[in-house]
Amino acid sequence: MVDGYAADGLGGVRDAFQANFDEDLELGAGFAVWLDGELVVDLRGGWADRARKTPWGPDTIVPVYSTTKGVAALVIAHLIDQAPGVSYETPVADLWPEFGAAGKDRVTLAELLSHQAGLPGFVEPIDPALWLDPPALAAALAPLPPLWTPGDGSGYHPLTWGYLAGEIAQRLAGRSLGTVLKEVFTNADGALPRREIIDFRIGTPPSEHARCADIKRPSALAELGELNEFKRAAFMTKWAAPDRGGAVWREVEIPSANGHGTAAAVARLYSIYAHGGRLRDREFISADTFAAFTKPRTIGPDRVLPFEMEFAAGVFRNNNLIYGPNPETLAHAGWGGSMAFGDPDRGLAAAYVMNRQSNKLQGDARPARLIDALYAALSGR
């Protein structure tokens with residue numbers, strides 16, 4: 001059932017991964033760990049399709065939903081680092097004048113990226129097909145009034161975050177966020193051999209669709225806690241999301257929700273969090289910009305998620321210790337259970353991906369078991 005590799009001393013991680021299958025918690029899944037630049041765990045198991053005919057293989061890719069945000073945030077940090085006169089304290093409207101409407105002229109990049117802009121969704125109806133046209137969706141967000149005073153704490157933006165971040169990337173780079181990801185970070189769809197690319201994309205071309213795992217959606221609604229106007233706008237309207245999973249949805253760039261890749265690729269990108277903006281001999285983000293990017297921007301009860309959240313500028317800070325014992329770890333979770341993190345104290349990064357979704361927004365029992373096993377094994381090395 002389980003295939004792949006776990007380095008000496010990490011057999012307990014393999015056992016934990018197997019246990020998720022033994023307890024019938026999985027359809028198909030992958031788990032990968034990079035430690036000090038070395039891939040020390042790369043496990044996979046189960047089935048890539050709901051019919052259970054296609055085994056989950058080393059080249060199987062899967063959407064990781066909001067775990068994509070942590071990758072997109074790295075791209076934005078790189079672009080800010082490269083842009084003269086731009087910092088996380090720059091008003092969004094300086095780059096995107098239309099965004100300054102309805103009292104949002106002083107909203108900074110940091111506030112927007114840390115879910116403080118007050119735009120978690122559309123209160124008034126829109127055509128759900130608009131979600132598949134990112135420039136048009138971003139243009140529809142720009143004139144909206146915020147649902148709370150921007151900068152006054154967070155309200156998670158499950159989908160809109162990606163369209164806002166994507167427009168910022170376009171304004172900074174003159175090309176899309178997914179394009180910068182390919183050109184600068186991954187070389188996905190490039191000329192190098194497959195072993196030399198990072199197999200992750202935001203905007204997945206038709207040539208890769210045959211490798212995509214089927215998604216088995218959760219049987220219960222997400223656990224949102226007590227409903228409010230912010231949660232309704234973000235999740236509960238008929239127009240709150242596009243149809244997911246089709247070819248068009250895979251191909252368009254939604255930096256909040258539809259990154260596709262392998263566990264090893266996702267973990268490798270999150271290794272940048274574990275190494276201060278660097279990956280091996282490459283600096284993607286300077287030390288000063290990385291510090292501004294990852295410092296706490298807000299902490300407290302979130303208006304949309306039923307948790308107390310600590311946000312940096314586009315990634316979670318591990319205040320709740322869901323992603324291991326280090327509060328300085330940077331992480332993100334995705335709808336259905338995916339997650340990835342980078343622990344800077346250990347030079348450690350890990351990612352869990354799967355195609356059988358749960359209704360947990362954070363703290364899914366399957367990756368929790370893997371994280372516990374990983375840190376237990378490392379403590380004995």
Side-chain angles (χ1 to χ4, degrees), residues 63-83 86-96 98-100 104 107-121 130-142 144 146 150 154-186 200-203 234 241-242 252-259 269-270 272-273 284-285 289 292-294 297-298 304 311-316 330 332-335 340:
V64 298
Y65 298 97
S66 285
T67 302
T68 306
K69 290 184 176 76
V71 176
L74 291 169
V75 177
I76 295 293
H78 170 78
L79 292 176
I80 288 173
D81 197 42
Q82 299 296 306
V86 177
S87 76
Y88 280 99
E89 311 316 317
T90 298
V92 176
D94 284 7
L95 307 174
W96 180 9
E98 297 87 344
F99 182 85
K104 303 192 303 300
V107 177
T108 67
L109 291 171
E111 288 169 341
L112 183 148
L113 295 165
S114 58
H115 302 270
Q116 297 190 76
L119 301 173
L130 200 61
W131 293 104
L132 299 178
D133 185 348
L137 195 285
L141 286 169
L144 293 182
S154 70
Y156 185 61
H157 293 39
L159 271 180
T160 57
W161 186 95
Y163 297 84
L164 297 167
E167 188 65 25
I168 289 166
Q170 186 70 43
R171 302 279 172 150
L172 285 171
R175 56 201 194 281
S176 73
L177 190 151
T179 299
V180 177
L181 176 67
K182 287 187 291 186
E183 292 176 351
V184 176
F185 289 82
T186 69
F200 186 87
R201 296 160 183 81
I202 299 173
V252 301
E253 293 185 19
I254 307 177
S256 49
N258 77 337
L269 287 164
Y270 274 74
I272 297 171
Y273 289 111
F284 290 98
I285 305 161
T289 299
F293 165 32
T294 58
R297 294 290 178 171
T298 180
V304 173
F311 283 108
V315 69
F316 303 165
L330 290 311
H332 218 291
W335 179 47

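Rounding to the nearest 0.5 angstrom, the gap separating the CG atom in Leu74 from the CZ atom in Phe185 is 5.5 Å. Atoms OG and NZ, from Ser176 and Lys182 in turn, are 7.0 Å apart once rounded to the nearest 0.5 Å. Ile80 contributes atom CD1, which lies 6.5 Å from atom CG of Leu172 (distance to the nearest 0.5 angstrom). Atoms CD1 and CG, from Ile76 and Asp81 in turn, are 12.5 Å apart once rounded to the nearest 0.5 Å.
Nearest heavy-atom pair, Gly334 versus Thr67, reported as atom, atom and distance to 0.1 Å: N-OG1, 3.1 Å. Shown here for Leu177 and Ala165, the closest heavy-atom pair between the two residues is CD1-O, 4.1 Å. Here the closest non-hydrogen pair linking Leu79 and Ala173 is CD2-CB, 3.8 Å. A pairwise comparison of heavy atoms in Ala73 and Ala313 identifies CB-O, 4.0 Å as the closest pair. Taking each heavy atom of Thr68 and Ser256 in turn, the nearest pair found is CB-C, 4.3 Å. Scanning both residues, Pro150 and Val107, for their nearest heavy atoms gives CB-CG2, 3.5 Å.
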| field | Check against side-chain contact (heavy atoms from CB on, under 4.5 Å), Val75 and Val184 | value | CA-CA 9 Å; Val75 177; Val184 176; over 6 Å; no
| When you look at Leu181 and Arg201, which way does the side-chain contact (heavy atoms from CB on, under 4.5 Å) test go after all the steps? | CA-CA 8 Å; Leu181 176 67; Arg201 296 160 183 81; 5.8 Å; no
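A 4.5 Å side-chain heavy-atom check between Leu159 and Ile254 finds at least one atom pair inside the cut-off. Between Thr186 and Leu269 there is a side-chain heavy-atom pair separated by less than 4.5 Å. At least one side-chain heavy atom of Leu109 sits under 4.5 Å from a side-chain heavy atom of Leu95. Taking 4.5 Å as the limit, every side-chain heavy atom of Pro255 sits out of range of all side-chain heavy atoms of Lys69.
Residues forming a ring-ring contact (aromatic ring centres under 6.0 Å, His included) with Tyr88 (at least two apart in sequence, or on another chain): none. Partners of Tyr273 according to the ring-ring contact (aromatic ring centres under 6.0 Å, His included) rule, which considers only residues two or more places apart in sequence or in another chain, are Tyr270, Phe293. Considering only residues two or more places apart in sequence or on other chains, Phe316 meets the ring-ring contact (aromatic ring centres under 6.0 Å, His included) condition with Phe311, His332. Take Glu167 and apply the salt bridge (charged side-chain N to carboxylate O under 4.0 Å, His left out) test, not counting sequence neighbours, and it matches Arg171. Listed by chain and residue number, Phe122, Tyr163 satisfy the ring-ring contact (aromatic ring centres under 6.0 Å, His included) test with Trp131 (two or more places apart in sequence, or in another chain).
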Per-pair distances, 0.1 Å, donor-acceptor, side chain in residues 110-121, under 3.5 Å, sequence neighbours excluded:
| unit_1 | atom_1 | unit_2 | atom_2 | d |
| --- | --- | --- | --- | --- |
| Glu111 | OE1 | Thr108 | N | 3.0 |
| Ser114 | OG | Ala110 | O | 2.6 |
| Ser114 | OG | Glu111 | O | 3.4 |
| Ser114 | OG | Gln116 | NE2 | 2.9 |
| His115 | ND1 | His157 | N | 2.9 |
| Gln116 | OE1 | Gly153 | N | 3.3 |

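When atom types are taken as modelled, the side chain of Glu98 and the backbone of Ala142 share no donor-acceptor pair closer than 3.5 angstrom.
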